[in-house]
Number of protein chains: 2
Amino acid sequence: MLKPFELYMGEALEVLRRLPDESVDAVITDPPYSSGGQSLADRTRSTNKKYVLSNVATRRPDFSGDNRDQRSFAYWSTLWLSECLRVARPSAPLVCFSDWRQLPTTTDAIQAGGWIWRGVAVWDKPAPRPSMGRFASSCEFMVWGSKGAMPQREAIGCLPGTYRVNVRQADKHHVTGKPTELMRHVSRICPVGGVVLDPFAGSGSTGVGALIEGRRFIGIELSDEYAAIARTRLEGLELQERVTE
Amino acid sequence: MLKPFELYMGEALEVLRRLPDESVDAVITDPPYSSGGQSLADRTRSTNKKYVLSNVATRRPDFSGDNRDQRSFAYWSTLWLSECLRVARPSAPLVCFSDWRQLPTTTDAIQAGGWIWRGVAVWDKPAPRPSMGRFASSCEFMVWGSKGAMPQREAIGCLPGTYRVNVRQADKHHVTGKPTELMRHVSRICPVGGVVLDPFAGSGSTGVGALIEGRRFIGIELSDEYAAIARTRLEGLELQERVTE
DNA sequence: CCTTGCGATGAATCCATAT
DNA sequence: GATATGGATTCATCGCAAG
């Protein structure tokens with residue numbers, strides 16, 4: 001039987017360079033956005049200071065790599081995206097999360113990295129932070145595309161363009177963690193049995209979603225703290241599977 | 001009493017140049033996207049051929065200005081956006097519709113035109129065209145911002161970041177017409193009693209939404225066919241109002 | 001089991017103060 | 001003046017406890 005997942009600890013670009021050509025069937029990832037605030041001072045605050053209210057009870061580890069300026073974010077994104085392109089099989093899909101602020105830079109970087117940009121799907125979070133007299137920023141965006149041509153796959157069926165999924169505390173293991181339900185849906189863009197790659201695995205939600213949906217998973221995570229959380233979650237799934245067999 | 005609406009017939013840039021400085025309270029518009037298709041050949045098809053399924057019964061007038069390439073779309077957008085900036089009062093909000101393909105160009109043009117970009121709201125129209133093995137493109141995007149700082153206005157309250165509104169054929173008077181319900185919601189970004197400007201008025205849905213919500217309206221439309229439709233709809237509203245008084 | 005109510009939360013943003 | 005930090009604000013939605 002094929003091993004359902006592999007988890008590498010290390011810097012994304014470095015580890016990606018060691019992966020073989022054309023060895024994964026989809027790339028699904030949620031890189032650090034380097035967003036938040038208007039000034040350098042705002043952007044370089046710790047991720048908990050930037051994204052979490054001071055009076056909130058739960059504390060999750062900070063994460064790094066979230067303080068690039070716009071130019072270096074674009075440059076760095078292009079680097080890892082083009083490395084992912086090499087690792088991906090022809091016609092493999094790519095899904096990359098972004099917030100509104102980095103959306104244009106992300107679409108640029110995807111194309112600069114050699115991917116064909118095919119659209120923007122939306123994750124609609126039902127409970128946004130309100131703001132008087134303004135539109136709330138209640139969405140995150142999933143910029144997606146493919147490695148070259150993308151023949152229509154009947155087996156996968158039609159995927160929606162909007163996902164309305166709320167965040168549950170019990171299901172959130174990272175400051176910016178995505179709901180398992182969302183990642184299950186998104187992993188359907190990868191053919192059944194195929195390998196999903198996530199170079200910014202965080203607490204491993206992409207992998208959890210992929211495994212539940214019968215895909216395999218390769219994750220890379222820099223922080224040992226989050227890598228450990230991801231490993232625990234993924235091994236927990238494996239165990240569950242063996243029990244139910 | 002102040003006249004609730006004015007409708008100018010002519011080319012947007014030309015008419016905008018004749019409007020006085022700082023005379024409107026919000027700009028809400030849906031410019032021709034010049035999108036659709038990857039090649040010049042696709043882009044230069046008539047708007048009915050591009051945007052309407054071939055087996056659909058209803059036929060609406062074609063509209064022009066929808067065949068610019070990316071560079072000139074960016075340039076032209078910057079021109080009319082900076083002209084709108086001049087016409088807008090300080091701190092006035094701007095809402096500009098875009099599809100996913102023109103989203104990065106639109107955010108660039110808004111900033112190049114001197115506006116502060118503040119976010120991307122989403123119009124989610126259920127019932128997209130299905131596409132096997134891909135995410136549907138069921139959304140249009142509302143890039144929004146303001147003329148300089150934007151003090152919080154209590155009266156307006158908090159607006160959502162996503163609008164889930166269906167397109168009804170009976171409510172659609174333009175090939176790319178927006179639902180009245182949607183435009184009513186969006187016009188709430190303008191202070192009550194303020195003037196909403198739409199330099200690409202089309203069949204006048206922005207004006208209809210604004211008037212219903214107690215805002216005034218200035219519209220510009222190039223096509224005499226659509227200008228006539230817009231005038232009829234807006235005058236119909238005025239009449240209704242007078243009757244209910 | 002269904003309803004009600006209360007408390008907690010959010011990849012935020014603005015503004016005043018301190019360095 | 002530019003940069004850095006802290007604190008107040010906003011409300012739809014959800015989780016959980018109580019009725």
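Worth saying up front: this structure is predicted, and the values here are computed from it rather than measured.
Counting non-hydrogen atoms under 4.0 angstrom, B:Arg118 reaches the backbone sugars and phosphates but no base. Here A:Arg45 lies in heavy-atom contact (under 4.0 Å) with a base.
For the 3.5 Å distance criterion, the side chains of A:Ser72 and A:Asp69 qualify, holding a donor opposite an acceptor. Using modelled atom types and a 3.5 Å distance limit, the side chains of B:Arg118 and B:Ser146 yield a donor-acceptor pair.
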>> Could you walk me through whether B:Trp117 and A:Trp100 satisfy the ring pair (Phe, Tyr, Trp, His ring centres under 6.0 Å) test, starting with their C-alpha distance in whole Å, then the side-chain angles of each, then the deciding distance to 0.1 Å, before giving a yes or no?
In response: CA-CA 10 Å; B:Trp117 177 33; A:Trp100 66 269; 4.9 Å; yes

>> Could you walk me through whether B:Arg188 and B:Glu213 satisfy the salt bridge (charged side-chain N to carboxylate O under 4.0 Å, His left out) test, starting with their C-alpha distance in whole Å, then the side-chain angles of each, then the deciding distance to 0.1 Å, before giving a yes or no?
In response: CA-CA 7 Å; B:Arg188 293 189 50 213; B:Glu213 293 295 320; 5.1 Å; no

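Searching all strands for a Watson-Crick or G-U wobble partner of D:dT10 with both distances below 3.5 Å returns nothing. The pairing partner recorded for D:dA18 is C:dT3, the criterion being a Watson-Crick or G-U wobble arrangement whose two distances lie under 3.5 angstrom.
A distance of 6.0 Å or more separates the ring centres of A:Trp123 and B:Phe135. Taking the six-membered ring for Trp and the full ring otherwise, the centers of A:Trp76 and A:Phe200 sit less than 6.0 Å from each other.
For A:Met132 and C:dC15, the CE to P distance is 13 Å, given to the nearest whole Å. Going from atom CG of A:Leu40 over to atom P of D:dG1 covers 20 Å, rounded to whole Å. Atom CZ of A:Arg134 is separated from atom P of D:dT9 by 16 Å (rounded to the nearest Å). Here D:dT5 presents its C1' atom at 10 Å from CG of A:Asp42, a figure rounded to the nearest Å.
Rounded to whole Å, the P atom of C:dA11 lies 22 Å from the corresponding atom of D:dG7.
Listed candidates were D:dC11, D:dT3, C:dT13. Nearest to the side chain of A:Ala41 is D:dT3.
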> Can you give one letter per nucleotide of nucleotides 6-12 of chain C, 5' to 3': B if a protein heavy atom sits under 4.0 Å from the base, S if only from the sugar-phosphate, - if neither?
Replying inline: ---SBBB

